[in-house]
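Residue numbers begin at 1 in each chain, while the letters A, B, ... track the order of the sequences.
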Amino acid sequence: MKTFFTVYRKEVLDYFRDRRTLLSSLLIGPLFGPVLFAFVINLSIERSIGDASATLELPVIGAERADNLMRYLKSRRIDAVDGPPDLDAAMAAVESGEHDVVLRIPPDFAERLADGVPARVEVISDLANSAGERETRRVRNALRAYSGELATMRLTARGVSPQVMQPITVDEVDVSTPSGRSALLLGMLSYFFVFSLLMGGMNLAIDSTAGERERGSLEPLVSLPVNRETLMLGKIAATSSYMLLALSLSLLAFLVALGFMPLESVGMTPNFGPGTVLFALFLFLPFSLLGSAMMTLVASFTKSYKEAQSWVSMLLLAPTFPILIVSVLTLRPQFVFMFVPSLSQHLLLVDRIKNEPIDPLHVAVSFVTTLLLGIFLTGICARLYRREGLLG
Amino acid sequence: MIKVDDLHKSFGDVKAVRGVSFDAPDGKITGLLGPNGAGKSTTLRVLYTVIQPDSGSASIDGHDVVSESLAARKRIGALPHGAGLYPQLTARENIAYYAKLCNLPGNEIDDRVASIVDLLEIGDFVDRRTKGFSQGQRTKVALARALVHDPGNVILDEPTNGLDVMATRSLRELILKLKESGRCVLFSSHIMQEVAALCDDIVIIAAGQVAIEDTADGIRERTGCDDLEDAFVHAIQRVGATE
């Protein structure tokens with residue numbers, strides 16, 4: 001036990017002294033996430049609020065053929081401006097990105113309208129261009145509404161109730177809570193946490209194994225009269241501690257950052273208070289052991305610091321796979337997912353943020369399976385120092 | 001007291017050590033001499049229990065390095081080839097870390113570190129971080145670290161590599177001090193003059209085998225060469241001829 005704490009204290013102190021590495025793993029990792037997140041959310045909120053009220057300038061070909069329509073569009077804050085001379089020019093302009101959407105009124109528009117046969121208008125847009133999608137949708141909605149109004153007027157003129165046209169009305173009842181809506185955006189939060197947790201211990205996991213060997217300090221260390229397994233346990237414990245520290249910093253940074261995001265203005269109220277921070281810390285406690293054992297194991301097998309870095313960096317992505325698979329297949333949370341580390345933490349944390357009830361059994365299963373897997377990998381790491389191949 | 005009996009060790013197809021036997025008694029300096037790749041380091045690594053022999057045995061003060069490796073390690077101070085320090089810790093912290101790992105009582109650690117610092121005369125830089133130390137400074141700190149638990153047997157793998165004349169001289173004096181205190185000192189080198197100047201017994205190793213084991217005078221006599229370097233070449237060629 002004394003040996004364990006000696007190694008633990010030395011590794012913690014050694015890493016703490018290495019300020020540059022410490023900064024990169026404890027500040028950049030945990031703080032990068034919240035800052036990026038705040039930036040993206042603020043930007044998208046500003047855009048969605050700004051867009052609906054802004055006047056859209058719509059290039060129109062042949063605007064003089066449909067005065068009424070133009071007046072109608074103007075009332076919906078879509079101003080017609082002079083567009084390209086003809087259809088070909090319009091298509092070229094949309095393709096090159098000069099315009100997001102162009103409206104063309106064909107020459108026979110007024111005539112067909114007067115005759116009561118469907119009058120055509122053309123909306124030229126690039127469906128692959130997601131930046132123009134919002135404008136295109138606005139134009140299309142306005143045209144549909146105009147068409148609806150004309151239809152209603154025609155039916156009324158013929159003495160038919162416009163209700164004939166509407167056999168069914170659809171009322172949508174949205175049961176999502178404001179917290180639930182925020183979960184869509186905040187669902188990716190859990191990955192930020194896993195990422196900063198792993199970042200926090202990555203360099204130490206490498207330094208205390210591959211780094212120690214490269215430096216030539218491993219051989220004298222294992223030739224001391226100490227139990228070699230204990231050396232490994234002390235190193236893993238130190239790595240886990242830095243991972244938890246990085247996670248705490250990341251959680252606190254988010255707690256502060258969320259206060260500066262105008263989430264309520266878009267109807268989102270994530271349940272992310274000090275309680276959730278403690279809940280997340282508890283959830284990820286066994287994950288820090290698993291993460292450090294996993295990184296230490298991989299780093300132990302590599303021959304050099306550089307090789308260890310490239311392999312261990314790949315481990316940063318590993319926890320995303322279960323999350324990705326489940327979200328791509330849009331599987332609903334189930335009990336069996338609680339046996340999968342990283343996925344179980346993700347689902348439980350998202351539920352908590354959505355303010356949905358959490359089954360204590362799920363939390364227990366997540367905690368215990370992750371912990372057992374962590375202990376198992378730690379055991380393998382400890383046995384590794386018995387292998388002489390590891391020292392060469 | 002170190003005993004090595006018919007040691008064999010291969011790495012894949014490479015037979016690094018093929019039947020090395022010798023004794024290194026207490027109170028004497030035993031030199032392991034041989035060209036590069038002769039199997040000196042492999043033999044020493046078996047002794048400080050980092051690798052295990054394929055066959056044969058070795059013991060430290062009667063404790064087998066495989067079956068009683070922890071007991072054997074208690075009795076050795078090892079300076080592996082190119083031993084590294086922790087650059088973020090001061091030299092004193094590096095030494096104290098090993099003292100703590102060797103389970104020295106907490107109240108004795110400071111005294112023990114202080115006395116080893118005096119012995120190796122490293123007081124000038126002991127409180128600086130070891131990042132940027134010269135090779136000589138690093139070797140001395142690594143040696144201090146290896147000696148902190150006061151082992152009866154000291155194993156040094158090419159300790160003078162990369163040292164300048166002054167550093168080599170002071171290391172030589174230190175090795176003599178260790179001998180005078182009754183320790184068993186075993187060190188390897190490929191430099192003839194160094195071994196001749198320092199060692200009581202010389203074990204010449206070539207191609208994984210012991211070519212000759214004797215005092216410097218004994219080796220000169222048995223090979224019929226006055227010059228130790230000629231004797232060295234002669235002994236090595238003899239091993240080559242028997243292959």
Side-chain angles (χ1 to χ4, degrees), chain A residues 1-23 25 203-204 206-235 238 242 303-305 384-392, chain B residues 9 11-12 41-42 44-53 60 63 65-66 68-90 93-94 96-106 109 129-131 138 141-143 145-146 148-149 151 155 157:
Chain A
M1 224 38 203
K2 205 182 136 200
T3 308
F4 173 80
F5 283 114
T6 303
V7 176
Y8 176 79
R9 269 199 301 271
K10 180 260 159 190
E11 293 296 347
V12 168
L13 175 71
D14 197 346
Y15 197 48
F16 182 73
R17 292 249 180 100
D18 192 357
R19 291 299 152 80
R20 294 168 76 108
T21 323
L22 191 70
L23 269 180
S25 49
N203 285 307
L204 183 54
I206 297 171
D207 196 63
S208 64
T209 53
E212 182 123 69
R213 183 169 35 199
E214 197 160 283
R215 230 184 284 125
S217 54
L218 186 59
E219 275 204 21
L221 182 65
V222 296
S223 68
L224 289 177
V226 288
N227 187 315
R228 289 171 186 170
E229 282 90 335
T230 317
L231 295 177
M232 193 54 124
L233 295 183
K235 286 161 185 278
Y242 273 104
K303 290 279 173 226
S304 69
Y305 202 101
L384 273 184
Y385 266 6
R386 289 195 194 149
R387 283 169 36 125
E388 59 183 49
L390 197 76
L391 306 169
Chain B
K9 179 70 187 178
F11 298 102
S41 284
T42 307
L44 295 185
R45 289 175 82 202
V46 171
L47 289 175
Y48 55 76
T49 81
V50 170
I51 56 178
Q52 295 189 353
I60 315 285
H63 298 275
V65 293
V66 178
E68 300 168 81
S69 83
L70 200 65
R73 285 207 293 271
K74 269 197 184 118
R75 288 163 179 81
I76 350 168
L79 180 67
H81 183 58
L85 304 171
Y86 300 109
Q88 301 297 341
L89 303 184
T90 65
E93 285 166 339
N94 265 286
Y97 178 45
Y98 273 41
K100 283 179 209 153
L101 285 177
C102 290
N103 237 337
L104 261 61
I109 288 177
R129 293 200 192 173
T130 64
K131 194 152 106 186
R138 272 209 294 273
V141 175
L143 188 58
R145 198 171 67 165
V148 77
H149 59 301
I155 299 175
D157 193 0

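By a heavy-atom distance cut of under 4.5 Å, Val7(A), Lys10(A), Leu13(A), Asp14(A) are the residues of residues 7-15 of chain A near chain B, going up by number.
By the 4.5 Å heavy-atom criterion applied to side chains, Thr130(B) and Asn94(B) are counted as neighbours. Glu212(A) places a side-chain heavy atom less than 4.5 Å from the side chain of Tyr86(B). Considering only heavy atoms from C-beta on, Val66(B) comes within 4.5 Å of Pro53(B) through its side chain. At a threshold of 4.5 Å between non-hydrogen side-chain atoms, the residues Glu219(A) and His81(B) do not count as touching.
Using a 4.5 Å cut-off between heavy atoms, Asn227(A) contacts chain B through its backbone alone, with no side-chain atom that close. With a 4.5 Å cut-off on non-hydrogen atoms, Ala146(B) does not touch chain A at all. Heavy atoms of Leu89(B) lying under 4.5 Å from chain A belong to its backbone as well as its side chain. Only the side chain of His149(B) comes within less than 4.5 Å of a heavy atom in chain A; its backbone stays farther off.
The ring pair (Phe, Tyr, Trp, His ring centres under 6.0 Å) test applied to Tyr48(B) returns no partner, not counting sequence neighbours. Taking Asp157(B) as the reference, Ser41(B), Ser188(B) meet the side chain to side chain donor-acceptor pair (under 3.5 Å) condition, with sequence neighbours excluded.
Test Arg73(B), Glu68(B), Arg75(B) against Ile60(B) for side-chain contact (heavy atoms from CB on, under 4.5 Å) and you get one pass: Arg75(B).
Each side-chain hydrogen bond (donor to acceptor under 3.5 Å, both in side chains) pair with one or both residues in residues 96-105 of chain B, not counting sequence neighbours, appears once here: Lys2(A)-Asn103(B).
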